[in-house]
Peer 1: 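Sharing a structure, written as structure tokens. Questions coming.
Just the heavy atoms: all of them, side chains too, but no hydrogens, waters or symmetry mates, feed the values below. Numbers restart at 1 for each chain; the letters A, B, ... are given by sequence-line order, proteins then strands. Predicted model only: the values in this text are computed from it and were never measured.
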There are 2 protein chains.
Amino acid sequence: MKTNPSLPTADRLLEAAESLFAQKGFYGASIRDIAQCLSIAKSSLLHHYPSKEKLYGEVLNKIALEMTEEVRRIRQSVNDEREQLRQFIRLLWENSQNKPNRENIIIREMLDNPKRADKVKKWFFVDYLNELTGIIRSGQARGIFKPVVPEVFIFQLLGAHRYVVISMPTVKQFFPAETYKKVVSEHTRELEAFVGERLFVK
Amino acid sequence: MKTNPSLPTADRLLEAAESLFAQKGFYGASIRDIAQCLSIAKSSLLHHYPSKEKLYGEVLNKIALEMTEEVRRIRQSVNDEREQLRQFIRLLWENSQNKPNRENIIIREMLDNPKRADKVKKWFFVDYLNELTGIIRSGQARGIFKPVVPEVFIFQLLGAHRYVVISMPTVKQFFPAETYKKVVSEHTRELEAFVGERLFVK
DNA sequence: AAGTCTACCGACCGATCGGTAGACTGCCTC
DNA sequence: GAGGCAGTCTACCGATCGGTCGGTAGACTT
């Protein structure tokens, strides 16, 4: 794992932590390994982040802020909610290519959250989800979306996408190469068809 | 964590292991804790399963066999592929209620698999997935299903379901109680609508 | 020049990890 | 009754975990 050497140490640690937490999960990744990515001592990491939990929290927080901001930008740049969703699906796909760690960490967080969550007042991704359900509600108010339950629809859309993304390495390994190619090329098309048929009023 | 005391120790260990691996993942769960669920010593566990990896593998294998068998039974009991899929969705929902550990373990396995998989000849869930894509292919051959890519469709369907299931605890905690109720009550209805609109030829 | 701050280090801590060795116990078989 | 075997135990191992400690080098302030 390489990090950008021109960044401050604290930011490079966030990068390395994001990558290792994504690969191995909270328990599987050790702060020694994370520090080792920058060739610094573990105690130096603990100088920047007082505990492993805090470091993990900062990683989640950074991801959640970035993702929320991305959706807000889409909502501001276009008015039509149908186009907002199309752009959102494109964004999902781009991020799964450019920032593949995100999907892994988010899903791991959902799995581990019930055991850690009592310490957290507000969950990292509430804002993000509210932005997304906001798009649905707004479209429904204008009569161009069917009356689905916004939360269900968004969770299913995100699930359909993220599950495919985290499945990719497995598909690549255990299924024919042709199958893998088809999954990659047809995935977003299918997502768009799902949204179009299930949500958009004809 | 309680296990059924009338079962052989080896089976009770599988039960306990399934539960703990589901909750904490492979690294987060310790064989000490698993043995403690039965109030036996850790070395007694290692008498039944020679290593943590082997135990984990047995858990996965058992789950995969059960799930594959469930789908096979559906395929044998009804002929119409549309009805097979409807029953499969019902099965997904029932299992998410009765055997909530499964979804967690499967998703954790997909996340961790790339790092562990080199030791495995054949992936645990290949048969299961082939049964499911088989339903799609069979329906397409009979002209009652649209020409989607079977693998993409199945992965998206499974993803839409499993993501919602693993999100439930989080939704319950950070969203209004009413939202949680709506997600529970509308989830399978939405899945059925997804299949109906996206797959079935009208 | 003295004091202060940031960044970093190696040494060390208690706890826990997965796994091993050897002894004991009760049951079945010869 | 002897021997084997399955199942369980206590005791222990080396490795690694997250975290603390005292201290150092250098930049900046006053």
Side-chain angles (χ1 to χ4, degrees), chain A residues 1-60 105 108-109 112 115-120, chain B residues 1-60 105 108-109 112 115-120:
Chain A
M1 169 64 202
K2 288 275 185 179
T3 61
N4 185 345
S6 67
L7 260 44
T9 302
D11 293 338
R12 296 177 64 198
L13 284 171
L14 275 188
E15 278 184 17
E18 181 180 316
S19 172
L20 285 186
F21 282 138
Q23 283 171 45
K24 308 189 184 184
F26 181 78
Y27 299 110
S30 74
I31 56 175
R32 273 183 178 82
D33 289 349
I34 295 168
Q36 193 54 53
C37 293
L38 282 71
S39 301
I40 67 172
K42 177 196 52 156
S43 47
S44 305
L45 179 154
L46 289 167
H47 167 74
H48 294 278
Y49 301 94
S51 75
K52 189 186 188 182
E53 285 276 355
K54 282 276 181 11
L55 171 60
Y56 180 75
E58 289 298 319
V59 171
L60 281 189
I105 289 203
R108 287 190 192 275
E109 165 63 12
D112 295 338
K115 296 187 308 304
R116 202 194 333 271
D118 37 14
K119 308 171 193 162
V120 186
Chain B
M1 170 63 202
K2 287 275 185 175
T3 62
N4 184 346
S6 68
L7 259 45
T9 302
D11 293 338
R12 295 179 64 198
L13 283 172
L14 275 187
E15 277 184 16
E18 181 179 315
S19 172
L20 285 185
F21 282 137
Q23 284 172 44
K24 307 189 184 181
F26 181 78
Y27 298 109
S30 74
I31 55 174
R32 272 183 179 82
D33 290 347
I34 295 169
Q36 192 55 54
C37 293
L38 281 72
S39 301
I40 66 172
K42 175 195 51 153
S43 46
S44 304
L45 179 154
L46 289 167
H47 169 75
H48 295 277
Y49 301 94
S51 74
K52 188 185 189 183
E53 284 275 355
K54 282 276 180 13
L55 172 60
Y56 180 74
E58 289 299 317
V59 170
L60 281 189
I105 290 203
R108 288 190 191 275
E109 166 63 11
D112 295 338
K115 297 188 305 306
R116 201 196 330 274
D118 37 13
K119 308 170 194 164
V120 186

Peer 1: What is the distance, to the nearest angstrom, from the CG atom on B/D33 to the P atom on C/dG18?
Peer 2: 8 Å

Peer 1: Looking at D/dC17, I'd like to know if its phosphate oxygens (OP1 or OP2) sit under 4.0 Å from a side-chain N or O belonging to A/S30.
Peer 2: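 Indeed, a polar side-chain atom of A/S30 lies that close.
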
Peer 1: Does B/T9 have a side-chain nitrogen or oxygen under 4.0 Å from the phosphate oxygens OP1 or OP2 of D/dT8?
Peer 2: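 For B/T9, the contact criterion (side-chain N or O under 4.0 Å from OP1 or OP2 of D/dT8) is met.
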
Peer 1: How many whole angstroms separate atom OH of A/Y27 from atom C1' of C/dT16?
Peer 2: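 Rounding to the nearest Å, OH of A/Y27 and C1' of C/dT16 are 13 Å apart.
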
Peer 1: Out of C/dC17, D/dG7, D/dG18, which nucleotide sits closest to the side chain of B/H47?
Peer 2: D/dG7

Peer 1: From CG of B/L55 over to C1' of C/dG18, roughly how many Å is that when rounded to an integer?
Peer 2: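 Result: 12 Å.
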
Peer 1: Closest nucleotide of DNA chain D for A/G28 versus for A/P50: which of these residues is on the 5' side?
Peer 2: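 First, find each residue's nearest nucleotide; the 5'-ward one identifies A/G28.
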
Peer 1: Please report the distance, rounded to the nearest Å, between CG in A/L45 and P in C/dT6.
Peer 2: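 Taking atom P of C/dT6 as the reference, CG of A/L45 is at 17 Å.
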
Peer 1: If we only count heavy atoms from C-beta on, is the B/I34 to B/L55 side-chain gap below 4.5 Å?
Peer 2: yes

Peer 1: Whole angstroms only, please: what is the CD1-P distance between A/I40 and C/dC8?
Peer 2: 6 Å

Peer 1: Would you indicate, yes or no, if C/dA7 has its OP1 or OP2 atom less than 4.0 angstrom from a side-chain nitrogen or oxygen of A/S44?
Peer 2: no

Peer 1: Kindly indicate whether the side chain of A/S43 and the base of C/dG10 share any N or O donor-acceptor pair separated by less than 3.5 Å?
Peer 2: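 Answer is yes: a donor-acceptor pair is held.
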
Peer 1: Quick one: B/Q36 CD to C/dG18 P, roughly how many Å, whole number?
Peer 2: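 My rounded result for the distance is 14 Å.
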
Peer 1: Provide the full list of side chain to side chain donor-acceptor pair (under 3.5 Å) pairs with a residue in residues 30-43 of chain B, sequence neighbours left out, each pair given once.
Peer 2: B/S30-B/D33

Peer 1: Measuring from atom CG of A/L14 to atom CD of A/E58, what distance do you get when rounded to the nearest 0.5 angstrom?
Peer 2: 6.5 Å

Peer 1: Of all the choices, D/dC9, D/dC17, C/dC8, which nucleotide is nearest to the side chain of A/R32 once you look at every atom?
Peer 2: D/dC17

Peer 1: For a quick check of understanding: with a heavy-atom distance under 4.0 Å over all strands, which category does B/I31 fall into, base, sugar-phosphate or nothing?
Peer 2: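 The residue B/I31 makes sugar-phosphate contact but no base contact.
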
Peer 1: Among D/dT8, C/dG19, C/dC8, find the nucleotide with the atom closest to the side chain of A/H48.
Peer 2: C/dC8

Peer 1: Report which part of the nucleic acid A/A29 touches: base, sugar-phosphate, or nothing (heavy-atom distance under 4.0 Å, all strands).
Peer 2: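 Counting heavy atoms under 4.0 Å across all strands, the contact made by A/A29 is with sugar-phosphate only.
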
Peer 1: So do the side chains of A/L45 and A/T9 get within less than 4.5 Å of each other, counting heavy atoms only?
Peer 2: no

Peer 1: OH of A/Y49 versus C1' of C/dA7: gap in Å, rounded?
Peer 2: 14 Å

Peer 1: Please report the distance, rounded to the nearest Å, between CG in B/L46 and P in D/dA11.
Peer 2: 18 Å

Peer 1: Any base atoms under 4.0 Å from B/A41, or only sugar-phosphate, or nothing? Heavy atoms, all strands.
Peer 2: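 Since a base atom lies under 4.0 Å of B/A41, the category is base.
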
Peer 1: Using atom types as modelled and distance alone, determine if a side-chain donor or acceptor of B/R108 lies under 3.5 Å from a backbone N or O of B/Q23.
Peer 2: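 Between the backbone of B/Q23 and the side chain of B/R108 there is a qualifying donor-acceptor contact (under 3.5 Å).
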
